[in-house]
Each structure stands twice: as C-alpha cells, then as structure tokens.
Amino acid sequence: MFTIFKVIISDFSILITASYLFSKLTKKSVNSELNFFKKFRFGIYSGITGILLLIFSIFYNNEFMIDLRLVPIVISSFWVGGVSPFVASVIIGSGRYFYDFSDKGLRFFILYLFIGISQIFISKLFKEYPPAKRLFLIFATIQVPVILNFLSYSGNSLPNWLLIFASVSYNTVGIILNNQFLKDMEDRKVSYQKLEKASTMDYLTKIPNRFSFDNQLKKDLADQESILLFLLDINNFKKINDFYGHAIGDAVLIHFSAILNEHPQIHGRIYRLGGDEFAILLPKRDLHASIEDFRSLIKSLIRENPYIEEAYELIPLSTSVGIGISDVESNSGLLYISADKDLYQDKAQQKKDLGGSL
C-alpha cells in the first residue's frame, strides 16, 4: 500500500513539473498557433513525461499496469494539437515496447502509433468545441482504443472491468490536475504579458511610452547607431484643452499620434513622452530625405489633417519639431537636451513668423 502511495505522489509530482515546463516552452501562449518546431518540441517533452510516468506504474499481478502515460498525449492534443500528440505517442509507444520487447509491447507500439496519427486530425476536428467538452472527447478517443486493446487479449470479465475503471479514474484525475496546473501557468503568463505591455505602451494613444523610448534610445546608442531624435509638441494644446475640454484634448492627442504613426517611415517609431510631447526615433541610415525635409514632412502631416470634433468643427493643428543628432560621444541625456533646445528654437521661430500668436 505504501508503494502505491509513493507511485501516486511521484506521478502527480511529474505532472506538476511537466505543467511548469510546458508553459516555459514559449514566451507566447501555449496553443494550436505555435509553429511546427515548437509543436514538435512540445511533443518530445510530452513523450518524455509519458516515459517517466510509465516507469512509475502501479502493477497488478505483475502484468497489468495502471499509470498516467496517456495524460501527456491528451494534454498535448488538447493544448497544441497537430504533430505534438503524434510525437508524444510514438515516444511513449516506443518506451512501452522497449520495456519488455514482447509481442504485447509491439501491439502497444502499434496502438500508440494509431492514437498519434488519429489525434493529428481529432485535435483539429474538436478545435471549436467548448474546452470541457473538447478535453472529454479527446480523452475518450484516446482511452477507448486502449480499453479495446486490453479486452482483446485479457478477456471481458468483471475483474478486468474493475481494473479498467481504476485506470480510467486515475487518468481522469491526472488529466484534470495537469490541465488545471497548465491553465494556471498560462493565465499567469497572459497576465504578465498584459502588465508588460501596459508598462511599455501609452494607455491613451496606444503607442509606446516614455519607458519604451528610454530603453530603445539606450539600445540604439549602445549599438553605436547614428540616431535622429525628433521631439514634437502640439502648438496651443493648452488653449485646445481650455476651450474644448479635456475629452477633446485627449481625442486630439490620439488623432495626432495616429496621423504620424500611419506614415510608413514613422510607424512603430513614435513615442508619447507625456502630455502633448512626442518623440520619433530614426536610425540615420533609414532616413530617405534630408533632415530638414523630414521636419517639414512631419509639420505638413499634422497641418493637413485637422481634428474634426463631434459638431463637425475643424480644429486646426500644428506642431513644433526639435532635432537631435547622435554622434560617437552622444548619450541619451545629451541627445535629448540637444533636441529639446532645437524644439524651443523652432517654436520661437514659428511665433516670430506668425507675429507672436503661436
């Protein structure tokens, strides 16, 4: 009895550890969208897990083995599908054959080969089903052939059906445990990804924030890239906020960032630093025009796309642009100061051109 208890503890420990390792397979979510090679790796991990579970089996009359080797196949078919359950089945079937090199072992290998091939299609067939129903059906399509194989060589007797009941019950508990632990790990991964995204993206404009800007700038400078930093702010933004209200002010910020982010050369390179201040980071080698022409392009994009508020009133927009150019001696602080000085010079020049009305 104590031996059985040790086997059960070992089996569940293996499943819990496997759930953790499966979740660490990829930074992305573990699902059917994984590429072929990651599905293949998931199948290998599942197969190895099945071999370990095969080693820790409960024996009856030194012949019948109650273990959880089917659980990794079910889990790989449910979570990943495709080639993963096939690879797992081949590994586990091979392990069962090498266990005793018997005719029975060969039958098991052929059986697991059949299960693996069938799960390639079954995992796709049940893909759109509700999770609980899909898990049950996958388990059933794997467990039924195993039961039929056992009855074919052991006979249809009450003791055999009791053994089948014990095995199915044990595997059911194993599947529920393994699936729940993996689900918990994946839920935590998704929550972390959401927090990570929230820490790097501006909530309002949905573009990268100051934290992302600082990291990207340091990375580019560390790579000794020649960097162009364009600092932007919205002219008269305080007046827009005061006259139209903060809701319209927020809408203007969203509109402003979207207009620039839609330009192919700026897309993904614009950051909101705070308030109405934005930055564009460009490697100098990627600039297909002169620096001043690019400054003019930014201004014209904003000037030619006024914000249209709900009452169809046009709110004209303009921007001031400061430029910083990195060199070998530049650091992020010096580059930012240089661009900031140029921003205020540009704003002063625009005020002068407009007779001080900016």
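Reckoned from all heavy atoms, side chains included, excluding hydrogens, waters and symmetry mates.
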Distance under 6.0 Å and angle within 45° of ring axis: R96 vs F109
no
For S212 and N215, test the side chains for any donor-to-acceptor distance below 3.5 angstrom and give the result as yes or no.
no
Considering only NZ, NE, NH1 and NH2 on the basic side and carboxylate oxygens on the acidic side, decide whether R107 and D103 come within less than 4.0 Å.
no
Rounded distance (nearest 0.5 Å) linking atom CD1 of I337 with atom OG of S332
9.5 Å
With a 4.0 Å cut-off, would you call E186 and K183 a salt bridge?
no
Taking atom OH as the centre, does Y203 end up with more than 12 heavy-atom neighbours from other residues, nucleotides or ligands that are less than 6.0 angstrom away?
no
One should read off an interatomic distance between S123 OG and I120 CD1, to the nearest 0.5 angstrom, of 7.5 Å
Y129 six-ring face occupied by K127 cation (under 6.0 Å, within 45°)
no
Specify the closest pair of heavy atoms between V87 and G43, including all atoms of both residues, with the distance to one decimal.
CG1-C, 3.7 Å
Do R210's NZ or CZ and the ring of Y336 fall within the cation-pi criteria of under 6.0 Å and 45°?
yes
Measure across S326 and L335 and return the closest heavy-atom pair with its distance rounded to 0.1 Å.
N-CD1, 3.6 Å
Member of F22, F36, W79 meeting the ring-ring contact (aromatic ring centres under 6.0 Å, His included) criterion with F42:
F22
Going through the checks in order, is the side chain to side chain contact (heavy atoms under 4.5 Å, CB included) test met by L228 and L281?
CA-CA 6 Å; L228 297 173; L281 275 179; over 6 Å; no
Begin with the C-alpha distance, continue with both residues' side-chain angles, and end with the deciding distance and a verdict on salt bridge (Lys or Arg N to Asp or Glu O under 4.0 Å) for D242 and K238.
CA-CA 6 Å; D242 292 344; K238 186 177 184 303; 2.9 Å; yes
Atom of V71, atom of G174 and distance for their closest heavy-atom approach:
CG1-O, 3.9 Å
Where does the angle between the aromatic ring planes of F294 and H263 fall among parallel (under 30°), tilted (30 to 60°) and perpendicular (over 60°)?
perpendicular
Is there a side-chain contact between F56 and I14, using heavy atoms and a 4.5 Å cut-off?
yes
Rounding to 0.5 Å, atoms CD (Q180) and OG (S19) come to a distance of 10.0 Å
Run the side chain to side chain contact (heavy atoms under 4.5 Å, CB included) check on V80 and S32 step by step: do they pass?
CA-CA 4 Å; V80 179; S32 59; over 6 Å; no
Just do the side chain to side chain contact (heavy atoms under 4.5 Å, CB included) check on T200 and Y271 with the steps written out, would you?
CA-CA 10 Å; T200 58; Y271 304 80; over 6 Å; no
Hey, is D286 close enough to R269 for a salt bridge, meaning N to O under 4.0 Å?
yes
May I ask you to decide if G268's main-chain N or O and N261's side chain share a donor-acceptor pair within less than 3.5 Å?
yes
Quick one: do T141 and Q119 satisfy side-chain hydrogen bond (donor to acceptor under 3.5 Å, both in side chains)? Show the steps, please.
CA-CA 8 Å; T141 56; Q119 287 304 310; 3.1 Å; yes
For the pair S296 and D293, evaluate side-chain hydrogen bond (donor to acceptor under 3.5 Å, both in side chains) and give the outcome as yes or no after the intermediate values.
CA-CA 5 Å; S296 298; D293 283 347; 5.2 Å; no
Taking the six-membered ring for Trp, are F139 and F136 closer than 6.0 Å centroid to centroid?
no
Interatomic distance, K104 atom NZ to N149 atom CG [nearest 0.5 angstrom]:
9.5 Å
Would you confirm whether the ring centroid of F278 sits within less than 6.0 angstrom of the ring centroid of F256?
yes
Pair K299 + D346: basic N to acidic O under 4.0 Å:
yes
Between L282 and L287, what is the shortest heavy-atom contact and its length?
CD1-CD1, 4.0 Å
Between I315 and I240, does a side chain to side chain contact (heavy atoms under 4.5 Å, CB included) hold up when you go through it step by step?
CA-CA 8 Å; I315 301 177; I240 293 173; 4.2 Å; yes
Do R188 and D184 sit within salt-bridge range, that is, some charged N less than 4.0 Å from a carboxylate O?
no
When the ring planes of Y153 and F108 are compared, do they come out parallel, tilted or perpendicular, using 30° and 60° as the limits?
perpendicular
Point-to-point distance, once rounded to the nearest 0.5 Å, from CD1 of I75 to OG of S46:
8.5 Å
Quick one: sort the Y170 and F12 rings into parallel, tilted or perpendicular, breaks at 30° and 60°.
tilted
Heavy atoms of I234 and D276 approach each other most closely as O-OD2, 3.0 Å
Spacing of I302 atom CD1 and I298 atom CD1 [to the nearest 0.5 Å]
8.5 Å
Could you check whether the rings of Y307 and H255 sit parallel, tilted or perpendicular, using 30° and 60° as the cut-offs?
perpendicular
Would you call R295 and D342 a salt bridge, using N to O less than 4.0 angstrom?
yes
Do you know the tightest heavy-atom contact between R69 and G50?
CB-O, 3.9 Å
